[in-house]
**Student:** 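Sharing a structure below in C-alpha cells format, with a few things to ask.
Computed over heavy atoms, backbone and side chain alike; hydrogens, waters and symmetry mates excluded. Quick caveat: nothing in here was measured; it's all calculated off a predicted structure.
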Amino acid sequence: MKKDLFSESVRLAYIVKDLRRTFELWGYKEIFLPSVEEYSPNLRKGTKFAYNNKFYMFKPDPTSQILANLKEKRELKLYYILEVLNGATKGEWQAGIEFIGGNDLMLQVEGILVAITALENLGINEFYIDVGSLEVWKKVLKGIEEYKPQIITALSRRNFEEIESLPIPSAKKEELWKLFNFRGKKCEYQKLNKIIEAINDKRVFVDFGTMRILPYYSDIIFEVYSPKFGKPIGGGGEYEIKGMKAFGFAFNLKAILKLYEGDLEKTRKIISGDLKEAYNKAKQFVRLGIPVKVRK
C-alpha cells in the first residue's frame with residue numbers, strides 16, 4: 001500500500017523542527033545545498049545525467065558536496081536537512097552536521113554528543129552508539145594488504161566467514177577475529193578511550209566491528225542503533241579537508257520517523273468563537289510564539 005505522503009510529512013516536519021533546534025543550540029548553521037552539481041568523481045550517490053555536453057549529479061551525498069564546494073581553509077559548523085538520491089529514483093531523507101576545522105578529540109566528542117542530544121530531544125532514548133577506528137584496522141592489516149578490499153567488505157557486512165576463506169595465516173585470522181568481536185568501554189587505542197570517557201554515556205561503546213566504507217573517512221567512525229529498528233539509524237566519522245580536521249554524521253529520517261512517538265499537538269492553543277475575535281486572539285498568540293489552531 002502506498003504511504004500517506006501528507007500524514008508522513010506532518011510527522012517529519014515536527015521531527016525536523018526539533019532537530020533544527022538542537023543543531024542550532026550547539027552552534028551549527030543550516031546550509032542550503034543546490035540539488036544539482038557539476039559532476040566530479042568525488043561526489044557520492046546522487047543520479048548522474050548529461051546536459052549540454054556536460055555531466056551533472058542530481059541530489060548527491062551532502063558531505064561530498066560540501067567538500068567539493070569548500071575552496072579555501074575555513075572553520076565551519078554546518079547542518080543540513082535534505083533528500084539524497086541513491087540510484088536513479090530512490091531517495092533517502094537525511095539530517096546531519098559537519099564540524100570542519102575544530103580541534104582533534106573535541107570534534108569527535110561534540111559530534112557524537114550532538115547526535116545523542118538530538119535523539120533525546122525527540123524523546124528517543126533507547127539507542128546505543130558503537131564507535132570504531134579505521135587506523136586500528138590499518139595497523140592490523142599490515143602484511144596482508146592485498147586482501148584489504150575483501151576484508152573491509154566482509155567487515156562492513158559483519159560476515160567473518162568471508163575472511164576465513166582467504167589464504168592468510170591462521171595467526172592473522174585470529175588477530176582479525178579478536179578485533180572483529182571486540183566491544184567494550186576501554187581498549188588499547190587511547191584516542192578512543194579519551195572519546196568514550198569524555199562523552200560519559202552508558203550507551204556508547206568501543207566496537208571495532210563497526211565499519212563504514214566511505215572514501216573520505218580517516219579514522220574514528222560511529223553508528224547509532226535502536227533495538228526497535230533493524231538497521232543503523234545514523235552514523236558518521238572523521239575526515240580531513242584542506243589540511244583541517246573535520247567530523248560529521250547523518251541520521252536516516254525514515255528510521256527516526258519509525259521511532260518517534262511524540263505528541264504533535266500537545267502545545268497548540270485551540271481558539272474558537274466569533275471569527276474576528278478568534279483570529280485576533282490567534283494573531284496575538286502567534287506573535288508570542290505560541291502555536292494556534294482556530295476552530296469554528
**Student:** Over all heavy atoms of both residues, which pair between Met211 and Ile221 is shortest? Give the atoms and the distance, please.
**Tutor:** CA-CD1, 3.8 Å
**Student:** Any ion pair linking Asp104 and Lys191 (charged N to carboxylate O, less than 4.0 Å)?
**Tutor:** yes
**Student:** Centroid-to-centroid, Tyr239 to Tyr217, below 6.0 Å?
**Tutor:** no
**Student:** Would one find more than 12 heavy atoms of other residues, nucleotides or ligands at under 6.0 Å from atom NZ of Lys138?
**Tutor:** yes
**Student:** Identify the two heavy atoms, one from Ala95 and one from Leu19, that lie closest to each other, and give their separation to 0.1 Å.
**Tutor:** CB-CD1, 3.8 Å
**Student:** Quick check: Phe251 with Phe249 (ring centres under 6.0 Å apart)?
**Tutor:** yes
**Student:** In terms of hydrophobic clusters joined by side-chain contacts under 4.5 Å, are Val286 and Leu288 together?
**Tutor:** yes
**Student:** With the threshold set at 4.0 Å, does a side-chain nitrogen-carboxylate oxygen contact exist between Glu145 and Lys148?
**Tutor:** no
**Student:** Just checking Tyr56 against Tyr39, ring centres under 6.0 Å apart?
**Tutor:** no
**Student:** Of the non-hydrogen atoms in Lys172 and Ile144, which two are nearest, and what is the gap between them?
**Tutor:** CG-CD1, 3.5 Å
**Student:** Would you find more than 12 non-hydrogen atoms of other residues, nucleotides or ligands less than 6.0 Å from Tyr279 atom OH?
**Tutor:** no
**Student:** Is the Phe182 ring parallel, tilted or perpendicular to the Phe208 ring (thresholds 30°, 60°)?
**Tutor:** tilted
**Student:** Under a 4.0 Å threshold between the charged nitrogen and the carboxylate oxygen, would Asp61 count as salt-bridged to Lys45?
**Tutor:** no
**Student:** Taking all heavy atoms of Pro291 and all of Gly289, pick out the closest pair and write down the distance.
**Tutor:** CD-O, 3.7 Å
**Student:** Quick check on the hydrophobic clustering: are Ile196 and Phe205 connected, directly or via other members, by side-chain heavy-atom contacts under 4.5 Å?
**Tutor:** no
**Student:** Would one find more than 12 heavy atoms of other residues, nucleotides or ligands at under 6.0 Å from atom CD of Glu197?
**Tutor:** no
**Student:** Quick one: does any side-chain atom of Gln108 pair with a main-chain N or O of Leu105 as donor and acceptor, under 3.5 Å?
**Tutor:** yes
**Student:** Any idea how Tyr79 and Phe23 line up, ring-wise: parallel (<30°), tilted (30 to 60°), or perpendicular (>60°)?
**Tutor:** tilted
**Student:** Do you see a donor-acceptor pair shorter than 3.5 Å between the side chains of Tyr189 and Asp219?
**Tutor:** yes
**Student:** Please work out which of the three classes, parallel, tilted or perpendicular, describes the rings of Phe247 and Phe222, given edges at 30° and 60°.
**Tutor:** parallel
**Student:** State the CG-OG distance between Asn42 and Ser64, to the nearest 0.5 angstrom.
**Tutor:** 8.0 Å
**Student:** Salt-bridged, Glu72 to Lys242, with N to O below 4.0 Å?
**Tutor:** no
**Student:** Side-chain donor-acceptor pair under 3.5 Å between Glu110 and Tyr28, yes or no?
**Tutor:** yes
**Student:** Between Glu135 and Lys139, is there a side-chain N and carboxylate O pair less than 4.0 Å apart?
**Tutor:** no
**Student:** Kindly give the heavy-atom pair with the smallest separation between Glu162 and Ser165, and that separation in Å.
**Tutor:** O-OG, 2.9 Å
**Student:** Assess whether a salt bridge exists between Lys59 and Glu37, defined as any Lys/Arg side-chain N lying under 4.0 Å from an Asp/Glu carboxylate O.
**Tutor:** no
**Student:** Which pair of non-hydrogen atoms, one from Asn125 and one from Arg203, has the smallest distance, and what is that distance?
**Tutor:** O-NH1, 3.0 Å
